[in-house]
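Order of the sequence lines fixes the chain letters, A, B, ..., with proteins taken first and strands second; residue numbering starts at 1 for each chain. Side-chain atoms are counted along with the backbone in the values below, which use heavy atoms only and exclude waters and symmetry mates.
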Amino acid sequence: MADHSTHREPTPRTLLRRVLDTADPRTPRRRRSARVGAQRALLETPSSRRLRSQTKMTAGGNPHGTKSSGRLVHAQASGHLEEQTPRTLLKNILLTAPESSILKPKSVVKPVPAPQVVPPSRRESSRGSPELQLPEPEPPTTLVPALLAPGRRKQRLRLSVFQQGVDQELPVSQEPRGNADASSLTSSLNLTFATPLQPQSVQRPGLARRPATRRAVDLGAFLQDLRDTSLASPSDIQRSPVITLPTDIVLEETQPFSQPLVGRSPGMRLSLPLPSHMRAKDTERATSRKTRSSGPAPRNSSPGKPAQFLAGKAEEVNALALGFPNTSSSISGPGVEPLQDGVGEEAEKRMEEEEKGLSLSEVKEATGARGPSGVEEPEGYMEVTEAEGSLGAVEAEEPEGSSEDEETSGRTASPELVSSTPEFLQPKQLHQLLEPAPPPGAAILSSEPLEPVSARLHPRPRAIGPRPRQDPYKTGLSHYAKLFSFYAKMPMEKKALEIVEKCLDKYFRHLCDDLEAFAAHAGRRTIKPEDLELLMRRQGLVTDQVSLHVLVERNLPLEYRQLLIPCAFSGNSVFPAQ
Amino acid sequence: MEEEAEAEEQQRFSYQQRLKAAVHYTVGCLCEEVALDKEMQFSKQTIAAISEMTFRQCENFAKDLEMFARHAKRSTINTEDVKLLARRSNSLLKYITEKSEEIAQINLERKTKKKKKLEDENKNLNEPSEAGADESES
């Protein structure tokens, strides 16, 4: 082989080549001393490395290597394998494997040097391993060359540390490609030989080299997908609820996760479980909802009123949405704008009025019952609209619900406003939404055409106004009935569950009647903790030995404890005040 | 001290027993009447069970009445407390309310009678000064 001068810095390949070229039967030390001139400078470091590595290797390796190297010299001249010596193998690798193939999975590349290194006589460079790639298609090599150089350096570094045999530079030649066919067999042989070992350091360069195939997320496509999926799912869920009414109510409670996507009645039930799931799916829903709202909204623009309403509501939504940190609302802003463009301005006044009315009612409701009940009512609102057929309403609920949960009571009004407005964004063919306005839930709900909605929806809307019987009964007691069936540890018939629900209903009614009687007995119109304590006394929970505070301490979390049990604080203040 | 406590305990117990005996006797009499009425006999165990239940329920009633009175921030048990107690059973509640109304009427009548009597007496016997005092009183 011609001694190729290293046009680049000495790579393992070049070094190896040099080794092969200048093969000496003598020991490495002698060989090193025998070398002349330019080679020496280059060789010294690799030779020192080799020495080090060789010392690590078994003692018998060196002499063997030197002997084989001597023989290999002649073999090289002949250009074909005479003996399967490490040197010959390595030479073949050098000849056959193209440099550019280094980029190919390093894992394949590395195994070759490893096993080669282990045998003591080997002074291969990792360059040999890339040559194993030769059987693979060559086109990749063309792609790789640009990346090859930096990778090679990395590889070289590792290999220098790793391998023992790099003491002589070998010119990096492009020959391997030409000789690929000729020595494919040998390379394949080498391949089989080399595969077993896989040094860890080998893999890293390969991973680093792998080009990051990242595509920028297409927001539009993403939203479209969300829309499609959410559109698809509600349709399925809508059908199922209509089928069974009583079980549905039970089902609703048990499947909160299925609800959020549903725009229909199932979503309505979710008032309580919704908040928990809202945040998880908030952004998703928000985006899909808002985009969807903008979708159906243009459709509604043809009917004059709904469109006008939508426009007015859209404005409100935008105004409110932009003010909120809610991502959903922010997304809704741009989504809703198109609506406004297509809508006339006449109805805006009316819409504003109604919005005010709605907002008032919402505020009332919000102030009336802040906690979960507050969440329930506005959600009931939204659910009404959902009943009308707007799929996005549920999603509208969620961000509002989550916003309600997240934000302090100060924001009760605004979230509900937002929630109400998105509802109106999706009235679709239901014009009745326009009418409701001031009479909070009942009026709005009754006016809606609830035919498409399952019977469940009927009580739901009414629930908002005068405390209806059916809905709270169904929603609350089914939960207890499920607890009952759980603790029963036995399968229960549905009829049994129904009876349990009836019993629970009577029991709770009785309790509440008692509370009312107690409050009236004390000449009050509001139920106070004293009434409850009296009730618990009658129940036998509170006795002379066990006081109410003890029960509070035992069963309630700390936050409630602080609120219920008077405690003295600094500054001579007692909280809660007695 | 312990002896005193024990003595007290015993006293209370004996008192209770006497009360129970009294209740038992009353229940027995009532059951006899019912038996004559329905021509059905009561076994002794039945009577004993009824009397025991009655006794314990009376205890409960007493405690509840006291609770109700305290709840209304009163120290005396009122007819209102009794009505509250009887609210569970509709018929009983009705009966009690009727009775309480009767009693209230009677009381009113008595009061009016007394007033009239007093006024008459005052007019007859005393001068306007007494009448004024009565009026102020009433």
message: Quick check on B/Glu59: does its CD atom have over 12 non-hydrogen neighbours (other residues, nucleotides or ligands) under 6.0 Å away?
response: yes

field: A/Tyr487 atom OH, over 12 foreign heavy atoms within 6.0 Å
entry: no

query: Is it true that B/Arg87 and A/Asp514 have a side-chain N and a carboxylate O under 4.0 angstrom from each other?
result: yes

task: Compare all side-chain heavy atoms of B/His71 with those of A/Glu533 and state whether any distance is below 4.5 angstrom.
output: no

message: Can you confirm whether more than 12 heavy atoms, excluding those of A/Gln539, are under 6.0 Å from its CD atom?
response: yes

Atom CD of B/Glu52 with >12 non-hydrogen neighbours under 6.0 angstrom: yes

query: What part of A/Asp531 is in contact with chain B, defined as an atom under 4.5 angstrom from a non-hydrogen atom: side chain, backbone, both or neither?
result: both

query: Does atom OH of A/Tyr480 have more than 12 heavy-atom neighbours from other groups under 6.0 Å away?
result: no

field: Check: B/Asn78 and A/His521 side chains under 4.5 Å, non-hydrogen atoms
entry: no

query: Contact part of B/Arg74 toward chain A, heavy-atom cut-off under 4.5 Å: side chain, backbone, both or neither?
result: side chain

- request: Could you grab the distance from atom CZ of A/Arg537 to atom CZ of B/Phe68, nearest 0.5 Å is fine?
  value: 11.5 Å

message: If you count every heavy atom of other residues, nucleotides or ligands that lies below 6.0 Å from A/Phe508 atom CZ, does the total exceed 12?
response: yes

- request: Starting from the C-alpha separation in whole Å, work towards a yes-or-no answer on side chain to side chain contact (heavy atoms under 4.5 Å, CB included) for A/Arg538 and B/Asn60.
  value: CA-CA 9 Å; A/Arg538 294 216 68 204; B/Asn60 278 341; over 6 Å; no

